[in-house]
Undergrad: 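Here it is, the structure in full.
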Amino acid sequence: MTGPIGICIHGGCGTLDRSLQSEAQWAESRDHLAQSLTAGWRVLKAGGGALDAVEAAVRVMEDSAHFNAGYGAALNEASFHELDASIMNGADLSAGAVCAARRIRNPITAARAVMEKSSCVLLAAEAADAFAERQGLAMVANSYFTTQQRVDALASLKQRAERGTLAAASEAEKHGTVGAVALDAHGNLAAGTSTGGFNNKPVGRIGDTPIVGAGTYARNGVCAVSGTGQGEFFIRSSAAYDIAARMMYAGNSLEEATDALVFQTLKGYGIGAGFASIDASGKVRAPFNTLGMYRGWIGADGKMTVATHLEEHHLGAMA
Ligand code: ASP
């Protein structure tokens with residue numbers, strides 16, 4: 001069977017105000033989005049699986065300092081990194097995840113290993129690190145993930161907490177995440193998400209990203225979604241699963257279902273939120289309710305688009 005293929009990614013809805021970075025930095029972040037999409041698209045174009053495409057796309061963003069996942073991840077209140085990731089296979093609803101991992105260079109690959117090589121869905125902390133190490137995955141010192149931007153964001157948030165001005169903190173100071181969803185030529189959908197969580201988060205805090213049905217969900221014939229925003233509310237509203245449920249039980253389109261979550265349910269909690277999503281026909285959608293969201297897609301027409309704020313950059317057809 002050879003059907004339509006498509007991929008959609010996000011690099012988090014914690015985007016900086018446009019004036020706070022140089023044009024060169026914005027261009028570089030868009031370039032990293034394009035590299036992520038290209039990595040996933042190549043897999044799909046060669047007839048490969050949605051899971052492989054999602055993993056490849058997420059790994060590129062985990063390795064980029066522009067996004068809050070892997071290298072460049074957020075720091076917790078004790079100034080170190082605890083990383084969460086999950087991946088889901090829409091073909092059979094199998095899933096794998098790691099949370100509070102400290103030494104796994106690419107947590108999305110560890111999540112996939114949990115799915116395929118363990119009897120669990122979710123492995124935590126030291127056990128996740130030890131499992132990844134036994135699987136022969138690349139391991140790093142926790143300090144590998146640290147960048148000056150995250151050190152500054154942590155200092156700023158601590159200062160705000162002391163002064164009682166936390167509510168005025170920008171989305172970018174607080175959080176971010178990366179995620180990818182894909183449809184392969186065989187009709188399989190997959191979703192993956194990876195994050196450093198919130199800057200200044202309590203040690204041991206786990207967000208929605210490694211929770212299947214909250215930050216990540218995929219089901220063949222329906223949709224694949226990956227979320228970004230304050231995870232506590234995604235968990236409380238089973239956000240990613242709710243999008244699929246709206247489509248399955250209420251006959252919503254992908255657009256109606258994702259909009260309901262972003263502009264009603266999650267906005268109703270007063271939080272910034274966004275999704276990368278794709279349906280079974282390859283239609284992609286990446287709505288957000290913040291001033292920007294790193295995002296991009298290559299739809300069934302084979303054309304690539306990347307964006308950080310409202311303006312979309314159409315990069316033309318893929319070779
Ligand atoms: N969802 C992530 C978390 O709560 C953060 C984000 O997407 O910005 O850990």
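Below, all heavy atoms of this structure are taken into account, side chains as well, without hydrogens, waters or symmetry copies. Both counts, for ligands and for their atoms, begin at 1 and track the order of listing.
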Undergrad: Short N/O distance, under 3.5 Å, between Gly176 and ligand 1?
TA: yes

Undergrad: Using heavy atoms and a 4.0 Å limit, tell me yes or no: is Gly229 in contact with ligand 1?
TA: yes

Undergrad: Specify the closest pair of heavy atoms between His186 and Gly47, including all atoms of both residues, with the distance to one decimal.
TA: NE2-O, 3.0 Å

Undergrad: Give me the nearest non-hydrogen protein atom to atom 9 (O) of ligand 1 as residue plus atom name, then the distance to 0.1 Å.
TA: Arg205 NH1, 2.8 Å

Undergrad: Does any N or O atom in Glu232 lie less than 3.5 angstrom from one in ligand 1, N or O only?
TA: no

Undergrad: Can you give each donor-acceptor pair under 3.5 Å made by side-chain atoms of residues 312-319, sequence neighbours left out, with the distance rounded to 0.1 Å?
TA:
unit_1 : atom_1 : unit_2 : atom_2 : d
His314 : ND1    : Thr305 : OG1    : 3.1

Undergrad: Which ligand 1 atoms are under 4.0 Å away from a heavy-atom of Asp208?
TA: 1 (N), 2 (C), 3 (C), 4 (O)

Undergrad: Looking only at side chains, do Ser226 and His10 share a donor and an acceptor under 3.5 Å apart?
TA: yes

Undergrad: Do Phe275 and Phe234 have their ring centres less than 6.0 Å from each other?
TA: yes

Undergrad: Dump the intermediate steps for salt bridge (Lys or Arg N to Asp or Glu O under 4.0 Å) on Asp52 and Arg112, then the final yes or no.
TA: CA-CA 10 Å; Asp52 288 335; Arg112 178 140 185 209; 2.6 Å; yes

Undergrad: If every non-hydrogen atom of Ala74 is compared with every non-hydrogen atom of His81, which pair is closest and at what distance?
TA: O-ND1, 2.9 Å

Undergrad: May I ask you to check whether Thr228 has an N/O atom sitting below 3.5 Å from an N/O atom of ligand 1?
TA: yes

Undergrad: I'd like to know whether Arg246 forms a salt bridge (Lys or Arg N to Asp or Glu O under 4.0 Å) with Asp242, so could you lay out the CA-CA distance, the side-chain angles of the two residues, the decisive distance to 0.1 Å, and finally the verdict.
TA: CA-CA 6 Å; Arg246 283 169 186 272; Asp242 195 45; 3.0 Å; yes

Undergrad: With a cut-off of 4.0 Å, which atoms of ligand 1 are near a heavy atom of His175?
TA: 6 (C), 8 (O)

Undergrad: So which protein heavy atom does atom 6 (C) of ligand 1 come closest to, and at what separation?
TA: Thr177 OG1, 2.9 Å

Undergrad: Consider ligand 1: state whether an atom of it lies below 4.0 angstrom from any non-hydrogen atom of Lys201.
TA: no

Undergrad: For ligand 1, which atoms, with element, lie under 4.0 Å from some heavy atom of Gly197?
TA: 9 (O)

Undergrad: Before signing off on this row, confirm whether Phe198 and ligand 1 have an N or O atom pair separated by under 3.5 Å.
TA: no

Undergrad: Between Lys201 and Glu77, does at least one N-O distance fall below 4.0 Å, as a salt bridge requires?
TA: no

